[in-house]
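Reviewing the structure listed below.
All values below come from the heavy atoms of this structure, side chains included, with hydrogens, waters and symmetry mates left out.
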Amino acid sequence: MLTRQTPRRRSRGFTLVELLVVLAILGLLAGLVGPQVMKFLGSSKTKTAALQIEDLAATLDLYRLEIGNYPENLEALVSDPGNAPNWNGPYLRKGQVPKDPWGNDYQYRAPGQHGPFDIWSLGADGQEGGDGEDGDVTSWGKA
């Protein structure tokens, strides 16, 4: 008995036109989605800075409860300043003052101009003022 074999089609892959169409679609998606992703990344760093400032403010309040006044600088939260007889630190878990999400030191002033102390980050640009990710993040609200 003779069996007839159907010819098999060989898979040749994608044509150049199909690849170009896929690349064009990916390019359009990246152009639409990319800016949105970058906006969310920038706002998340700003939110992280605001949360870190809140944590530092709570730690400073604890320091004041034990010592009787706010420290002259943030380093007093991790190492004994020498002039604080009831110092019971370090008051920060990691044993160091955190940097802001952009890698800069937090600014601190006690007594503050907006309360008993002021803590702020200068944002992505490291300079006062600015908008968006370059804007200051402060313990007293909008700068």
(Q) Under the side-chain contact (heavy atoms from CB on, under 4.5 Å) test against Y108, which residue among L60, V97, L56 passes? (A) L60
Q | Atom pair CG (N73) and CG (D105), whose distance is rounded to the nearest 0.5 Å | A | 11.0 Å
Q.
Within the 3.5 Å criterion, strictly below it, is a donor on E133 or W102 matched to an acceptor on the partner's side chain?
A. yes
Q.
Can you tell me how the ring of Y63 sits relative to the ring of Y91, calling it parallel under 30°, perpendicular over 60° and tilted otherwise?
A. perpendicular
Q: Check whether more than 12 heavy atoms from other residues, nucleotides or ligands sit under 6.0 Å from atom CD of E66, and answer yes or no.
A: yes
**Q.** Nearest-0.5 Å distance that lies between atom CG in D136 and atom CD in Q107
**A.** 9.0 Å
Q | Interatomic spacing from CG in L16 to CG in L23 - rounded to 0.5 Å | A | 9.5 Å
Q. Given side chains that start at C-beta, do those of L122 and N104 come closer than 4.5 Å, heavy atoms only?
A. no
Q) What is the minimum heavy-atom distance between A110 and P71, and which atoms define it? A) CB-O, 3.7 Å
Q) Can L77 be reached from L65 by stepping across I, L, V, M, F, W or Y side chains whose heavy atoms are under 4.5 Å apart? A) no
Q: Flag yes if L74 and L62 sit in one hydrophobic cluster, no otherwise; membership is Ile, Leu, Val, Met, Phe, Trp, Tyr, and two members link when side-chain heavy atoms are under 4.5 Å apart.
A: yes
Q.
Nearest 0.5 angstrom please: E72 CD to R109 CZ, how far?
A. 15.0 Å
Q: May I ask you to decide if Q113's main-chain N or O and D118's side chain share a donor-acceptor pair within less than 3.5 Å?
A: yes
Q | Sole residue of T46, L51, V137, T48 in side-chain contact (heavy atoms from CB on, under 4.5 Å) with P101 | A | T48
Q: Could you tell me the separation between the NZ atom of K99 and the CD atom of Q52, rounded to the nearest 0.5 Å?
A: 11.5 Å
Q. So do W140 and I53 actually touch side chain to side chain, heavy atoms under 4.5 Å?
A. no
(Q) Rounded at 0.5 Å granularity, tell me how far CD1 in I119 sits from CD in E54. (A) 10.5 Å
Q. So which heavy atom on P81 is nearest to which on W87, and how close?
A. CD-CD1, 3.7 Å
